[in-house]
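This report refers to the structure that appears directly beneath it.
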Amino acid sequence: NAGVTQTPKFRVLKTGQSMTLLCAQDMNHEYMYWYRQDPGMGLRLIHYSVGEGTTAKGEVPDGYNVSRLKKQNFLLGLESAAPSQTSVYFCASSYAFYEQYFGPGTRLTVT
Amino acid sequence: TQLLEQSPQFLSIQEGENLTVYCNSSSVFSSLQWYRQEPGEGPVLLVTVVTGGEVKKLKRLTFQFGDARKDSSLHITAAQPGDTGLYLCAGGDNAGNMLTFGGGTRLMVKP
């Protein structure tokens with residue numbers, strides 16, 4: 001099993017450009033999450049999903065959109081990238097709430 | 001918004017020393033998780049505690065959940081270089097959907 005995979009691993013965007021980050025899990029988990037990690041701030045939840053076709057806002061949702069069309073995939077979109085969105089993005093999934101499995105991360109730089 | 005504060009932020013010790021990392025909040029959490037993250041990778045779950053006063057041991061690591069479920073501690077006995085990493089605590093909300101992460105403690109164990 002691959003677990004949780006994220007595509008791409010690195011990306012550089014110019015201000016105003018758009019992009020989509022893909023998260024895929026092969027563990028048949030219901031819950032999926034998108035976090036961003038900034039130095040000294042731990043992980044902050046952007047959006048999450050409790051099942052196929054459902055999404056909900058987390059702590060820092062502004063500037064991001066998500067979709068969960070298939071159970072195994074969770075997409076994170078940036079419509080108009082800003083330098084403040086420079087960060088490392090992690091996707092996670094879980095069967096039950098208590099244990100989240102994380103992907104390796106996507107390092108995004110917005111210039 | 002629930003907040004979790006971790007202390008210390010940085011810790012550099014010699015191999016064989018003991019250490020304690022603290023995770024504190026003014027909010028009550030339904031559960032408390034500890035993760036370890038190595039450079040370039042996603043966090044990996046170490047333990048989940050759900051009952052006030054609960055103590056769990058994982059080899060040389062001892063985790064404790066405060067009686068009021070507002071704080072937690074991680075104690076490492078006889079630290080080894082392999083313990084080096086970023087330690088994150090995360091509290092679960094009562095709805096069972098979201099985790100709030102602390103800012104992390106970066107531990108370096110020197111041989």
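This one's a predicted model, so the numbers in the text were calculated from it and none came from an experiment. In the text below, chain A, chain B and the rest are named by the order of the sequence lines, each starting its count at 1.
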Cut-off 3.5 Å, side chains only: do A:Gln100 and B:Gln33 have a donor facing an acceptor? no
Residue [X] excluded, over 12 heavy atoms near [atom1] under 6.0 Å:
| X | atom1 | value |
| --- | --- | --- |
| B:Gln9 | CD | no |
| B:Glu5 | CD | no |
| A:Lys57 | NZ | no |
| A:Arg107 | CZ | no |
| A:Arg44 | CZ | yes |

According to salt bridge (Lys or Arg N to Asp or Glu O under 4.0 Å), who are the partners of A:Glu30, at least two apart in sequence or on a separate chain? A:Lys71
Closest approach of [X] and [Y], non-hydrogen atoms and distance?
| X | Y | answer |
| --- | --- | --- |
| A:Gln37 | B:Gln37 | NE2-OE1, 2.9 Å |
| A:Leu43 | B:Phe101 | O-CB, 3.4 Å |
| A:Tyr48 | B:Met98 | CE2-CG, 3.7 Å |

Residue set satisfying side-chain contact (heavy atoms from CB on, under 4.5 Å) with A:Thr54, at least two apart, ordered chain then number -> A:Ser49, A:Val50
A:Tyr35 portion near chain B, given a 4.5 angstrom heavy-atom threshold: side chain
Taking heavy atoms only and a threshold strictly under 4.5 Å, list by residue number the residues of residues 64-88 of chain B that touch chain A; give 'none' if the list is empty. B:Leu86, B:Leu88
Taking only residues at least two apart or on different chains, which pairs with a member in residues 3-66 of chain A satisfy disulfide bond (SG atoms under 2.5 Å apart)? A:Cys23-A:Cys91
